[in-house]
Amino acid sequence: MSYYRKHLFFCTNQRAEGAERPSCAQCGSPELRAWMKSRIKELGLAGAGGVRVNIAGCLDRCELGPVLVVYPEGVWYTYIDEDDLEEILQAHVIEGRPVERLRLPDAPDGPP
């Protein structure tokens, strides 16, 4: 058994205005990560044996962002707002069912 049942990493990378690639922070990822962390605590899921929400630097899937990845499954998601995150929380984190409509391909050009 791992220390955390689920571990969520949110890309919060911020690039300078005018950069060649987008960045997740420009899409609100720091605020949405904070919302998810608060929601996990509110539901009593945080802590050892539960769920951990962490900040990550660039996860290099910038054009698909904002992105997060859920371990131990290694399932990647894109999201827009709190509704998307709530769906990931309820379906994947709590019930163990990945959210296919928000899931990113595992391989660079492949299906999930």
*Linking I/L/V/M/F/W/Y whenever any side-chain heavy atoms sit under 4.5 Å apart, do Tyr4 and Ile88 land together?*
no
*When clusters are formed by joining ILVMFWY residues with side-chain heavy atoms under 4.5 Å apart, either directly or through shared neighbours, do Met36 and Val75 land in the same one?*
yes
*Keeping to residues at least two apart or across chains, list the salt bridge (charged side-chain N to carboxylate O under 4.0 Å, His left out) pairs with something in residues 25-37.*
none
*asked:* Any heavy-atom pair between the side chains of Asp84 and Tyr77 that's under 4.5 Å?
replied: no
*Rounded to the nearest 0.5 Å, what's the gap from CD on Gln26 to SG on Cys62? Could you check?*
9.5 Å
*Where is the tightest heavy-atom contact between Gly65 and Cys27, given as atom of each residue plus distance?*
O-SG, 4.3 Å
*Residue pairs, two or more places apart or on separate chains, that pass salt bridge (charged side-chain N to carboxylate O under 4.0 Å, His left out) and touch residues 58-78*: Lys6-Glu73, Arg21-Asp60, Arg21-Glu63
*asked:* Would a single hydrophobic cluster contain both Val99 and Ile80, if residues Ile, Leu, Val, Met, Phe, Trp and Tyr are joined by side-chain heavy-atom contacts under 4.5 Å?
replied: no
*If you look at every heavy atom in Arg103 and Pro98, which pair is closest and at what distance?*
NH1-CB, 4.0 Å
*asked:* Check whether Ser29 reaches the backbone of Cys24 with its side chain - one donor and one acceptor, N or O, closer than 3.5 Å.
replied: yes
*Looking at residues at least two apart in the chain, or sitting in another chain, which of them share a side chain to side chain contact (heavy atoms under 4.5 Å, CB included) with Asp83?*
Asp81
*asked:* By the salt bridge (charged side-chain N to carboxylate O under 4.0 Å, His left out) test, which pairs, at least two apart or in different chains, include something from residues 40-49?
replied: Arg39-Glu42
Which pairs would a plain distance check flag for residues 8-18, meaning a side-chain donor or acceptor within less than 3.5 Å of a matching protein atom at least two apart in sequence or in another chain?
| residue | atom | partner | partner atom | Å |
| --- | --- | --- | --- | --- |
| Thr12 | OG1 | Ala56 | O | 3.3 |
| Arg15 | NH1 | Pro22 | O | 2.7 |

*Pairwise side-chain contact, Leu68 with Leu32, heavy-atom cut-off 4.5 Å (strictly under)*: no
*Could I get the full list of side chain to side chain donor-acceptor pair (under 3.5 Å) partners for Tyr79, not counting sequence neighbours?*
none
_Partners passing side chain to side chain donor-acceptor pair (under 3.5 Å) against Asn54 (at least two apart in sequence or in another chain)_ = His7, Arg52
*State plainly whether one hydrophobic cluster holds both Val93 and Val69, where clusters connect Ile, Leu, Val, Met, Phe, Trp and Tyr through side-chain heavy atoms under 4.5 angstrom apart.*
no
*Could you check Trp76 against Leu64 for side chain to side chain contact (heavy atoms under 4.5 Å, CB included), going step by step and ending with a plain yes or no?*
CA-CA 10 Å; Trp76 289 77; Leu64 302 172; over 6 Å; no
*Less than 4.5 Å apart, any side-chain heavy atom of Val51 and any of Leu43?*
no
*Who are the side chain to side chain donor-acceptor pair (under 3.5 Å) partners of Thr78, not counting sequence neighbours?*
none
*Please, which pairs that meet salt bridge (charged side-chain N to carboxylate O under 4.0 Å, His left out) have at least one residue in residues 87-96, sequence neighbours excluded?*
Glu87-Arg101, Glu95-Arg97
*same_hphob_cluster(Trp35, Ile94) at 4.5 Å side-chain heavy-atom cutoff*: yes
